[in-house]
Amino acid sequence: MNDQLKHMSTEVAKGLMTRREFVGRAAALGVTAAAANAMLTTGARADGHATPVRGGMLKIGSGGGESTNTQDPALTASSVPLNNLRAWGETLVEVSPEGEIDFRMAESVEASADAKQWVFKIRKGIPFSNGKDMTPDDVLKTMQRHSDEKSQSGALGIMKGIAEMKVDGDNFIVDLETANADLPYLMADYHLMIQPGGGMEDPGAAIGTGAYTLEIDEPGVRHAFKRRDDYWDSENRGYADEVEQLVLNDATARTAALQSGQVHAINRVDPKVAALLDRAPNLSVKSVAGRGHYVFIAHKDTAPFDNNDVMLALKYAINREEMVDKILRGYGSIGNDFPINASYPLFDDSIPQREHSIEKAKEHYAKSGHDGSPIVLRVADGAFPGAVDAAALFQQSAEAAGIPLEIKREPNDGYWSEVWNVQPFCASYWGGRPVQDQMYATAYLSSADWNDTRWKRPEFDAMLNEAKAELDDAKRKELYSQMGRMLREEGGVILPMFNDFVDGVAANLGGWIEDPNSEMMNNKVMIKGWVTDA
Amino acid sequence: MHPVLKLIAQRVALGILLLLAVSVLIFAGTMMLPGDVAQQILGQSATPQALENLRAELGLNEPPVTRYFNWLGGILTGDLGTALTNGRDIAESISSRLGNTLFLAFWAALISVPLAIFLGLLAVRYKDRWPDKLISAVTLTTISIPEFMIGYILIYFLAIQLGWFPSVALFNESMNLWQKLNAIAIPVIVLTFVVLAHMMRMTRAAILNVMQSAYIETAELKGLRMLTVIRKHAFPNAIAPIVNVVMINLAYLVVGVVVVEVVFAYPGMGQYLVDHVAKRDVPVVQACGLIFAAVYIGLNLIADIVSIVSNPRLRHPK
């Protein structure tokens, strides 16, 4: 269905246009009356989304699952297990699509004046799927499990700044070593699903406070869930009686499953086919600008990247528009060599955009005095979709500026252990974080494990800590702006583009919300979506 | 001992020895993978201490020979160990996966083997005439197109346009046989296309080879019908090479279908192996490797035994 017809059919659904008018106008566009009527039914249904429909079976097809997956939240790192977590578990708080704190297991939160102590009031009478009520003690134990050095939890980095945690009545209290105005955002991390007894005994049991219980668990194949009758928030979540996630790692298999009606939604639509897919009847492609970005990262402490003129030459040489056009097919936006964009709160849009300039690249390259030996960029297909092609484009535009960029292709297998964060110059991606503090603390703080550009600046760290403690948003914004400018000017990260989340959705899926936090409605499509014709 | 039995016993003993040798190779091979499983489990932020602890826990510090014999001992007693990445029992995971793979392979074989032999006979019957040429052209075309491409083309027509079969070949226990067959219809067709040409051409070549013998000429001169000549005189003598190529293709249907599994998201052995190789889950990789080797060796063994048994010179010793 083309855009105009789609738009018109939603007008009908909203009552702004009559059916007769629609069929007439569709005929003017060369569509037969029968086809127009059929379109209208799907179009109207697609927009009959204001009121949730209960019942039925919602199926999604996702890439990003392996037969090695578990249900242990601590070990969750890819899309499929993350969707599963959201189905059976819940965190203290969540981040809403608007970037605000949405209270789940906590009903409110209060900070001390210095932002060092945070008090979460825990909801009462919320049952786990094993029948027991969730208590503040379960919250405490969960947080303790993830802060244990031996836990191997993906949330370990988040828990590092915590000095002490305790329970006082209905409250869960966190004392921080240094102030952090964004602590509630950190508690929204998906690893921190509240489990009975903290999940210490059986972390992969999939027992939580979520809307669904796990019925079938076949890692790498499929995961099926059943709605819970005793779910506390059934007004707002858990509309389908059953939800199922099929693991479809092959992009073509995913699109075929959506086209043949086997699933209601898929993630990671290949940008190459997105426009074509959007034209197919009964489905649409949803693209949400997020915080994820594709990067070329150089170690700032290794020659020749310690020479800032070499870095600037590379940054000017890369053609950002071309990358967004050719690699992302327009499903994204250009980057400015620091990892923050307008999706973040407190983003400063007055920081000038770096333009593609062969002259400036030449100028900086000459000034750097680089000996002309090849600058080796390592890349693999798995670094990000289209990474090898992006590197080739980069090489061409660098060549035009006389920079001897050499591409070394690496195998996907072992890329994240042998190349990324090990070799001095390679392609990579970041999924972004809900707030600037967390993004910088994960990858640009001197002491960060994932400081993959070896960016070590005491003054940058100091600003980050200052911003953390600052409760005045204007001052924080100013600090973040300075940090962004500094990284843009001197950092080891070449950031040509921010990628959109591109999902495919069938017309009979209701309740779709654009959520910039992550793909598939921030991985909540199974709990917040509904099936309209079931 | 009867010479046939003796030959078979020798062949079986050789097969077992070969399997043992393969087990050594698999064990040595997995040890040569870059990085070890402890590093893969802990990921990027692994501290040296944590690595050390995990290695000790997983027994990675023991000498390789000890580890090899522990592993082999486990396998002989039916214990394949647990997957390092998610702690699941390997034997349990593999049995369902292997069952799925065999299910798919069984139906593909059930269609492709008789079809290939029938088409091969037909091609001989009409040698160098249009049926022969048509059969060759079609089967050679399907074997020349990569299997994922055939898969995508069939998905487009049979699943998306016509809606006859699902594009994702997933089935579960609650389905009846008919529904399961419906679910795997497209992959079965793809696999049939992929193995058909090889078996068909081998059948054709083997029979044509025999057809040049003097005794065939005698049979023809006796005035027997062409099909009778093929059926009674040529085919029995071509069994050995045909069985050989059939077994190779059956083995392929079991161990070589990873591409088809990916395209149809089919939960078989191939995808299971690939996932665990990527995570350096060595016990799983070793178990899969050994099973695959056993399938190959076992099917080749059957082919050899059939050749031995069908050899009249051995059946009637002087």
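All values reported here derive from a predicted model rather than from experimental measurement. Basis for what follows: all heavy atoms, side chains included, without hydrogens, waters or symmetry-related copies.
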**Fill in**
The single option from B/R97, B/Q271, B/R88 that satisfies side-chain contact (heavy atoms from CB on, under 4.5 Å) with A/S67 is B/R97
**Asked** Is it the case that B/S167 and A/Q262 place a side-chain donor and acceptor less than 3.5 Å from each other?
**Response** yes
**Asked** What part of A/N69 lies closer than 4.5 angstrom to a heavy atom of chain B: side chain, backbone, both or neither?
**Response** backbone
**Prompt:** In this structure, are over 12 heavy atoms from other groups packed under 6.0 Å from B/Y156 atom OH?
**Reply:** no
**Request:** Indicate the atoms forming the closest heavy-atom contact of A/A253 with B/V262, along with that distance.
**Result:** CB-O, 4.2 Å
**Value rounded to 0.5 Å, distance of CD1 in B/I160 from OG1 in A/T255** = 7.5 Å
**Message:** With a sphere of 6.0 Å drawn around CD of B/E92, does it hold more than 12 non-hydrogen atoms of other residues, nucleotides or ligands?
**Reply:** no
**Message:** Taking atom NZ as the centre, does A/K226 end up with more than 12 heavy-atom neighbours from other residues, nucleotides or ligands that are less than 6.0 angstrom away?
**Reply:** no
**Prompt:** Taking atom OG1 of A/T252 and atom CE of B/M149, what is their separation to the nearest 0.5 Å?
**Reply:** 9.5 Å
**Heavy-atom contact with chain B under 4.5 Å, split by part of A/D452** = neither
**Request:** Check each atom of B/Y152 against the heavy atoms of chain A and say whether the ones under 4.5 Å are side chain, backbone, both or neither.
**Result:** side chain
**Request:** Under 4.5 Å heavy-atom distance to chain B, tell me which part of A/R254 shows up: side chain, backbone, both or neither.
**Result:** neither
**Request:** Would you mind checking which part of A/V221 comes under 4.5 Å of any heavy atom in chain B, side chain (CB onward), backbone (N, CA, C, O), both or neither?
**Result:** both
**Prompt:** Do you know the tightest heavy-atom contact between B/A265 and A/L248?
**Reply:** CB-CD2, 3.1 Å
**Complete:** Max heavy-atom pairs within cutoff under 4.5 Å with chain B, candidates A/G154, A/G220, A/P219, goes to A/P219
**Complete:** Nearest heavy-atom approach of B/L170 to A/L246 is CD1-CD2, 3.2 Å
